[in-house]
Amino acid sequence: MAGANERTIDCNKASLAGSVSQRACVFCGSRVVLYPIVDALHIIHGPIGCAAYTWDIRGSLSSGPELHRLSYCTDLQERDVIFGGEPKLYKSIIELIDLHKPKAAFIYTTCIVGVIGDDVEQICRTVEKEKGIPIIPVQAPGFQGSKKDGYKVACEAIFTLVGTKSKPFTPAKSINILGDFNLAGELWILLEYYKKMGVHVNATITGDGRVDDICNAHNAALNVVQCSGSMNYLAKMMKDEYNIPSMRVSYFGIEDMSDALYDVARFFKDDDMMAKARELVKEEFARLMPELTWYKERLTGKKAAIYVGGAFKAISLVKALRLIGVESVIVGSQTGTTEDYELIKQLCDEGTIIVDDSNPVELSHFVKEKKADIFIGGVKERPIAHKIGLGFCDHNHERKEPLAGYEGMINFAKEIYATAMSPVWKFTKG
Ligand code: SF4
């Protein structure tokens, strides 16, 4: 709890068996990170349930191919479990490559493959030789850890592509955007900002991602990392191997969005770039503040519960909510570290409940205890909110409105206002 409580939070550990954690499995973690690579084939080696669970899992938009939206699966059955699923997998990869001519293929293993021990790596090597495109095994049996371990597996898979090809020319002032997944087209908003500042975006990993751009990612001067929970591993590997520095940013809320732009300009030590960033921020402030003030006047006194995947996003949300007069009474994440929670503690008001790796029973209890008016979370938190009779704001995979950037801040304020102030909630309270 924020305030006088000096205890540090117990976090960054495996979930307690049987606790019905809100966290997803390793396979799901790898899938959410790799899914937005739009010109690659994604094949799940496992039962159809794993594929259905992660089918079209993010609202990641593409400016070109949409191969990522097809969720192929080997649909392992009893017979395959007994005799092995390797022949089925080999046949599936060949058939799908011939059909779609992808730039690369990611082959995900699931729990059952971890149990029966199919040699997926060998099959990938064989097909790679036959077809001449990267076939990348993603070793992600769900039971081997948590969603966070899946992020690491995905980063390792991406890293096998980095540095394998170079484009003829990459501008000196170029960055890779790591950890934005282009939900509802958010990446395109950011690209516009960077373009106005004169920054070249070399690769977007993985939102609206292209295999060739990822192969050339080692030629960028800087990795700008959002959703650091999922992409820190990749940034670290690229630092070790290619000496590319990285910086952690958030694109949510006016304050963090502006800092993200200034930090990039500061990195390049470019006065002209900084002046353009300042101009952009000034214009956006002038445009946004009257509208945000209107929302603040009406929302002041409302209370929010936040439970999201990454703690860095939770931090941005606390700041963004404060800007529109909403107090964060519960702040939690699935994958935060001790440092993240320390930051949250410093940021939040006294008495805020700070929680790591929670479950539905705990979250419901906290929400009732703190009398929250709105719950901000992802797909698994939505039913918790609705069962309690509480407004819900999706700030995760499935959102249809961009919530990043300055544009996103207005959308966020609108959504919080429309949901928290809806008259329907007076009929749901016992
Ligand atoms: S826990 Fe295992 S069976 Fe369930 S979705 Fe994840 S990989 Fe599939």
Side-chain angles (χ1 to χ4, degrees), residues 12-37 40-60 68-86 88-89 92-93 96 105-121 123-124 135-158 181 206 229-230 233 308-310 333-335 357-360 377-384 396-398:
N12 220 357
K13 284 181 173 175
S15 303
L16 186 71
S19 67
V20 199
S21 167
Q22 289 290 97
R23 281 174 173 165
C25 72
V26 179
F27 160 68
C28 181
S30 69
R31 189 88 175 92
V32 292
V33 171
L34 296 170
Y35 167 85
I37 304 177
L41 190 60
H42 299 265
I43 304 177
I44 295 143
H45 188 39
I48 198 73
C50 303
Y53 169 43
T54 55
W55 177 28
D56 222 6
I57 191 162
R58 283 188 186 277
S60 301
H68 67 306
R69 299 195 63 202
L70 303 173
S71 186
Y72 288 109
C73 178
T74 48
D75 186 20
L76 292 182
Q77 303 284 325
E78 254 177 42
R79 192 185 160 78
D80 307 310
V81 172
I82 296 163
F83 296 106
E86 291 174 5
K88 210 171 180 182
L89 177 63
S92 306
I93 307 176
L96 288 167
F106 292 99
I107 315 300
Y108 303 78
T109 63
T110 54
C111 283
I112 194 63
V113 176
V115 173
I116 64 176
D118 278 355
D119 193 348
V120 174
E121 295 208 359
I123 294 173
C124 289
I135 312 290
I136 304 150
V138 184
Q139 297 288 12
F143 59 75
Q144 275 185 352
S146 74
K147 186 179 182 185
K148 201 169 181 176
D149 300 291
Y151 293 160
K152 194 160 179 257
V153 170
C155 287
E156 281 160 2
I158 295 169
F181 301 105
T206 56
S230 68
Y233 305 109
V308 287
S333 85
Q334 296 178 32
T335 57
D357 185 22
S358 197
N359 67 26
V379 65
K380 292 196 292 305
E381 287 75 42
R382 183 193 299 270
I384 299 176
N396 207 359
H397 306 184
E398 293 181 318

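Counting convention: from 1, in listed order, for ligands and their atoms alike.
- For residues 74-85, every residue pair satisfying the salt bridge (charged side-chain N to carboxylate O under 4.0 Å, His left out) rule, not counting sequence neighbours, is listed here: D80-K88.
- Pocket lining of ligand 1, defined as residues with a non-hydrogen atom under 4.0 Å away: C25, F27, C50, Y53, T110, C111, G142.
- By the 4.5 Å heavy-atom criterion applied to side chains, Q144 and V153 are not counted as neighbours.
- A 4.5 Å side-chain heavy-atom check between Y35 and D56 finds at least one atom pair inside the cut-off.
- Judged by a 6.0 Å distance limit and a 45° cone about the ring axis, R58 is positioned over the six-membered ring of F181.
- In this structure, the separation between OG on S230 and NZ on K147 is 9.0 Å, given to the nearest 0.5 Å.
- Environment of NZ in K152: sparse, with no more than 12 heavy atoms of neighbouring residues, nucleotides or ligands closer than 6.0 Å.
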